[in-house]
Amino acid sequence: MIKAKKKYGQNFLKDKHYLEKIVEAMPKSDNLVIEIGPGLGDLTEKLLEKRQVLAYEIDRELCEILKKKFPNLNLKCGDVLEYWQESLANTKYDLIANLPYYIATNIILRALKDKNAQNILVLIQKEVADKFSAKVGDKIYGSLSILASQVANVKKLFDIPPGAFVPAPKVMSSVILFEKFKDSYNEDFAKFLKIAFANPRKTLNKNLSVKYNFNPSEFGLADTIRPHQVDADTFFQLFSALKERSKNGKNNKSSRSD
Ligand SMILES: C[S@@+](CC[C@H](N)C(=O)[O-])C[C@H]1O[C@@H](n2cnc3c(N)ncnc32)[C@H](O)[C@@H]1O
């Protein structure tokens with residue numbers, strides 16, 4: 001039996017009930033399936049019964065096992081992030097995977113930005129799934145849920161307890177589905193949100209004033225409003241208005257002092 005490597009986030013999903021539930025939750029489409037981190041191949045086997053699969057696995061030892069087990073699998077051995085240029089495939093695809101938790105957020109953001117990614121069905125740490133699916137007003141609502149809502153319908157489907165994995169992770173996991181309706185989110189908007197949520201406990205005014213000449217009342221917002229209380233559409237309006245002004249050199253603090 002192979003020893004799981006912590007550095008690669010290896011927690012193998014062994015519980016047949018949950019493997020089946022993931023397969024049942026697969027969106028109906030004919031798209032290529034991309035699996036990141038097939039591991040020992042338990043999910044891969046089920047995916048191959050339904051669709052064409054392209055898989056990326058960083059662990060060379062696992063790659064050898066997978067090649068023997070699935071001679072016809074299109075398998076790339078190496079770090080998926082190194083393969084990932086503009087797109088992970090030259091055709092429309094659905095990303096279906098039990099993701100390595102240490103890079104799960106990064107991978108989801110890349111896929112939300114990748115114009116060929118259409119559906120993203122992933123098993124991740126529950127805490128991260130909660131952040132992606134949070135609603136305005138929730139304490140954990142922030143840039144992840146806003147960016148996701150710009151490009152996809154986000155559905156948190158079900159939780160999976162640690163005991164379903166070998167070795168068992170320390171935390172609870174969740175399966176989450178992103179059904180994309182837009183190719184990509186705006187990179188500058190993502191940067192703007194970083195500034196708006198830099199210090200989530202402070203007011204929106206305090207956060208945005210670091211970079212912009214921002215007056216909440218001009219936008220019909222209370223001076224005391226905190227970033228997690230502002231909905232995605234309002235954020236996008238703020239972003240567009242402040243961007244427009246900084247083009248004219250009126251808004252951006254650094255351009256004012258130039
Ligand atoms: C949580 S395990 C999932 C394994 C398997 N799919 C399962 O459900 O049992 C994550 C997998 O991702 C692989 N992995 C980790 N980092 C990776 C990377 N940067 N690129 C590709 N695969 C990676 C690990 O080696 C491991 O096989």
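The analysis underlying the following values was restricted to heavy atoms, covering all of them including side chains, and did not include hydrogens, waters or symmetry mates. Just so it is clear, the structure is predicted and the values come from calculations on it, not from any experiment. Note that ligands are numbered from 1 as they come in the structure, with each ligand's atoms numbered from 1 the same way.
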Exercise. Mind checking whether Thr44 contacts ligand 1 via backbone (N, CA, C, O), side chain (CB onward), both or neither, at a 4.0 Å heavy-atom cut-off?
Key: neither

Practice problem: Could you tell me whether Glu35 approaches ligand 1 through its side chain, its backbone, both or neither, with non-hydrogen atoms closer than 4.0 Å? | Solution: side chain

Quiz item: Any donor-acceptor pair under 3.5 Å linking the side chain of Lys92 with the backbone of Lys115?
Solution: yes

Quiz item: Of all the heavy atoms in Glu82, does at least one lie under 4.0 Å from an atom in ligand 1?
Solution: no

Self-check item: salt_bridge(Asp42, Lys46) N-O dist < 4.0 Å
Solution: no

Quiz item: Closer than 4.0 angstrom: is that true for some heavy atom of Gly41 and an atom of ligand 1?
Solution: no

Practice problem: Using a strict cut-off of 4.0 Å, indicate which atoms of ligand 1 neighbour a heavy atom of Ile58. | Solution: 14 (N), 15 (C), 16 (N), 17 (C), 18 (C), 19 (N), 20 (N), 21 (C), 22 (N), 23 (C), 25 (O)

Quiz item: For ligand 1, which part of Ala97 has a heavy atom less than 4.0 Å away: the side chain, the backbone, both, or neither?
Solution: neither

Exercise. Among all protein heavy atoms, pick out the one at the shortest distance from atom 9 (O) of ligand 1; state its residue, atom name and that distance to 0.1 Å.
Key: Leu13 N, 2.8 Å

Exercise. From atom 7 (C) of ligand 1, work out which of Asp79, Asn106, Asn98, Leu81 has a heavy atom at the shortest distance.
Key: Asn98

Quiz item: Is it true that Leu99 lies under 4.0 Å from ligand 1, counting heavy atoms only?
Solution: yes

Exercise. From atom 16 (N) of ligand 1, work out which of Tyr102, Tyr101, Phe12, Tyr56 has a heavy atom at the shortest distance.
Key: Tyr102

Practice problem: May I ask whether Leu62 places a heavy atom under 4.0 Å from ligand 1? | Solution: yes

Quiz item: Applying the ring pair (Phe, Tyr, Trp, His ring centres under 6.0 Å) test to Phe192, which of Phe239, Tyr185, Phe236, Phe214 qualifies?
Solution: Phe239

Practice problem: Determine whether the aromatic ring centres of Phe235 and Phe197 lie less than 6.0 Å apart. | Solution: yes

Quiz item: Any idea which of Ala4, Gly39, Gly9, Ser173 brings a heavy atom closest to atom 2 (S) of ligand 1?
Solution: Gly9

Self-check item: Glu57 with Lys69: basic N within carboxylate O range, under 4.0 Å
Solution: no

Quiz prompt | Leu43 touching ligand 1 at heavy-atom level, < 4.0 angstrom | solution = no

